[in-house]
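Beneath this line is the structure, given in structure tokens, with notes to follow.
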Amino acid sequence: MDAGLAAVLGALAGAVATTGAAFATGWSAREQAKIAARGEHRRQRRDARHTVYEEFIATVGEQMAHAAPLFEEDPPEDGDELGRHFQSSGVRDTTSLLGDCYRLHNNVMKTLTKVQLAGPKDVTTTARRVCNHSFALATSLASIVGTPYRVDFLRTAFQHANDRLQKLDMAVDAFIEAAQTALDDDGTMS
């Protein structure tokens, strides 16, 4: 082989190797950029979800904190005691109890929409259960106001409302567990 042909072939081999190395470097850089972009997207989504989940838990907690003082003492025996019981529990009157019950439940429903948009589906499903229990608590508290002021009816209404408060508390615990799982998902799950 003559020296000229060897030089041309050597130059061609060098050019192919350089082009291949540049292509591999470019492909690797592009893949690294995709990985970084996906990681940043997941971080931003996780941060947004955290904020929404935290707001949802705080809103439900406000409803529960409103109801809890009603059950710290024994239920009242009659209508006269009911008024005193409400006042010692921080409730001004039956109208404010009803208004606050439904206002707080409506706040929970508003934050549910944010949770539904943030996802994922299992967190959304759990949040809906929390809202169902929130509504059940609100209606139970409303039924206390509408209960005939007899000892047996009042005790039953108070027990029913307290049971619903406990179920709401358990539903919130389930929501927190589902939310933690969603927030811990780094993309390698499922």
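This structure is a prediction, so every number in the text was calculated from the model and none was measured.
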Approximate separation, where rounding is to 0.5 Å, of [X] [atom1] and [Y] [atom2]:
X: D169; Y: L137; atom1: CG; atom2: CG; answer: 11.0 Å
X: F135; Y: N106; atom1: CZ; atom2: CG; answer: 9.5 Å
X: D100; Y: H66; atom1: CG; atom2: NE2; answer: 4.0 Å
X: H50; Y: D47; atom1: NE2; atom2: CG; answer: 8.5 Å
X: K110; Y: H105; atom1: NZ; atom2: NE2; answer: 11.5 Å
X: I144; Y: L98; atom1: CD1; atom2: CG; answer: 10.0 Å

Verdict with reasoning, T111 to V52, per side chain to side chain contact (heavy atoms under 4.5 Å, CB included) = CA-CA 8 Å; T111 56; V52 168; over 6 Å; no

Are [X] and [Y] joined in one hydrophobic group, where the rule is that I, L, V, M, F, W and Y side chains link up if heavy atoms are under 4.5 Å apart?
X: L104; Y: I57; result: no
X: F175; Y: L117; result: no
X: M170; Y: L141; result: no

Between S134 and Q63, is any side-chain donor less than 3.5 angstrom from a side-chain acceptor?
-> yes

E73 side chain near S88 side chain, heavy-atom distance below 4.5 Å | yes

Check whether any side-chain heavy atom of C131 sits under 4.5 Å from a side-chain heavy atom of M109, and report yes or no.
-> yes

Which heavy atom of [X] sits nearest to which heavy atom of [Y], and what is that distance?
X: A179; Y: Y53; answer: CB-CD1, 3.4 Å
X: C101; Y: A138; answer: O-CB, 4.0 Å
X: T126; Y: D122; answer: OG1-O, 2.8 Å
X: A182; Y: P120; answer: CB-CD, 3.7 Å
X: F56; Y: A127; answer: CZ-O, 3.7 Å
X: A118; Y: R49; answer: O-NE, 2.7 Å

Short question: side chain of H85, backbone of L70 - any donor-acceptor pair under 3.5 Å?
-> yes

Please confirm whether the backbone N or O of P69 pairs with a side-chain atom of S89, one donor and one acceptor, at under 3.5 Å?
-> yes

When the ring planes of F158 and F71 are compared, do they come out parallel, tilted or perpendicular, using 30° and 60° as the limits?
-> perpendicular

Considering only distance and modelled atom types, tabulate donor-acceptor pairs under 3.5 Å from the side chains of residues 161-168, sequence neighbours left out.
{"residue": "N162", "atom": "OD1", "partner": "Q166", "partner atom": "NE2", "Å": "3.3"}
{"residue": "D163", "atom": "OD1", "partner": "Q159", "partner atom": "NE2", "Å": "2.7"}
{"residue": "R164", "atom": "NE", "partner": "S140", "partner atom": "OG", "Å": "3.4"}
{"residue": "R164", "atom": "NH1", "partner": "A136", "partner atom": "O", "Å": "3.0"}
{"residue": "R164", "atom": "NH1", "partner": "T139", "partner atom": "OG1", "Å": "3.3"}
{"residue": "R164", "atom": "NH1", "partner": "S140", "partner atom": "OG", "Å": "3.0"}

Check the pair T51 / E55 against side chain to side chain contact (heavy atoms under 4.5 Å, CB included), numbers first and verdict last.
-> CA-CA 6 Å; T51 301; E55 180 183 356; 5.6 Å; no

